[in-house]
Amino acid sequence: MTHPLVPQIIELAKPVAEELGLEVVGIVFHTNQRPPVLRVDIRNPQQDTGLDDCERMSRALEASLDATEMIPDAYVLEVSSPGISRQLNTDREFISFKGFPVVISTSEPYEGKQEWIGNLMRRDETKIYLNQKGRVVQIPRSLVTRVQLDEGS
């Protein structure tokens with residue numbers, strides 16, 4: 001069921017996106033998480049939507065939402081795009097998608113598995129850290145062949 005604030009958030013977000021040359025394609029408010037997560041999907045009709053589009057929208061929308069005090073309690077704002085490559089490669093992508101659900105594939109089984117699903121925590125020189133329902137898994141980067149956003153979540 002759609003959260004009752006979503007129509008108001010859409011009313012607020014559409015003009016913010018238009019000012020930036022972007023479009024809002026979807027909004028979901030996950031209030032079952034602590035803190036709640038407001039996910040806004042955008043696209044750039046002129047070119048492939050990039051991380052800079054998401055960052056610009058995030059800053060602008062956050063300022064507008066804070067000004068209206070529409071969401072009185074703490075929440076996390078996630079701005080993303082279906083057009084962003086689902087595979088993570090750069091340090092910047094790993095930072096931007098911290099907390100997002102990911103699928104990590106390994107070249108050979110690690111602890112008996114070749115596919116790991118969980119929320120991305122971070123990566124360092126030697127490992128990628130994944131949160132699996134509160135349990136931290138440290139996967140050696142030398143075994144990792146791919147890290148991609150989990151489209152099923």
inquiry  = So does Leu143 get a backbone contact from the side chain of Thr106, meaning a donor-acceptor N/O pair under 3.5 Å?
reply    = no
message = So Tyr129 and Val137, do their side chains get closer than 4.5 Å, heavy atoms only?
response = no
ask   = If you round to the nearest 0.5 Å, how far is CG of Leu88 from CD of Gln148?
value = 8.5 Å
ask   = Has the side chain of Arg141 got a donor or acceptor atom that lies under 3.5 Å from a matching backbone atom of Asp124?
value = yes
query = Can you tell me if Ser105 uses its side chain to pair, donor with acceptor, with the backbone of Thr145 under 3.5 Å?
reply = no
ask   = Do the side chain of Arg34 and the main chain of Thr31 share a donor and acceptor less than 3.5 angstrom apart?
value = yes
query = Are Ile42 and Leu20 co-members of a hydrophobic cluster defined by side-chain heavy atoms under 4.5 Å apart?
reply = yes
Atom CD of Glu19: over 12 foreign heavy atoms under 6.0 Å = no
task = Drop me the distance from Glu78's CD to Leu38's CG, to the nearest 0.5 angstrom.
result = 9.0 Å
remark   = Here the gap from Ile27 atom CD1 to Ile10 atom CD1, rounded to the nearest 0.5 Å, amounts to 4.5 Å
ask   = Quick one: are Val147 and Val103 in side-chain contact, heavy atoms under 4.5 Å?
value = no
key: Transitive ILVMFWY side-chain link Trp116 to Phe100, under 4.5 Å   = yes
message = Donor-acceptor check, side chain of His3 to backbone of Leu5, threshold 3.5 angstrom: yes or no?
response = yes
task = For Ala74 and Pro35, work out which heavy atoms get closest and say how close.
result = O-CB, 3.9 Å
Side chain Gln132, main chain Ile117, donor-acceptor under 3.5 Å = yes
inquiry  = With a sphere of 6.0 Å drawn around NZ of Lys98, does it hold more than 12 non-hydrogen atoms of other residues, nucleotides or ligands?
reply    = no
ask   = Does the Gln138 side chain pair with the main chain of Lys127, one donor and one acceptor, at a distance under 3.5 Å?
value = no
query = Can you tell if the side chain of Leu130 reaches within under 4.5 Å of the side chain of Asn119, non-hydrogen atoms only?
reply = no
message = Test salt bridge (Lys or Arg N to Asp or Glu O under 4.0 Å) on Arg43 and Asp53; report intermediate values, then the result.
response = CA-CA 8 Å; Arg43 75 179 196 95; Asp53 292 321; over 6 Å; no
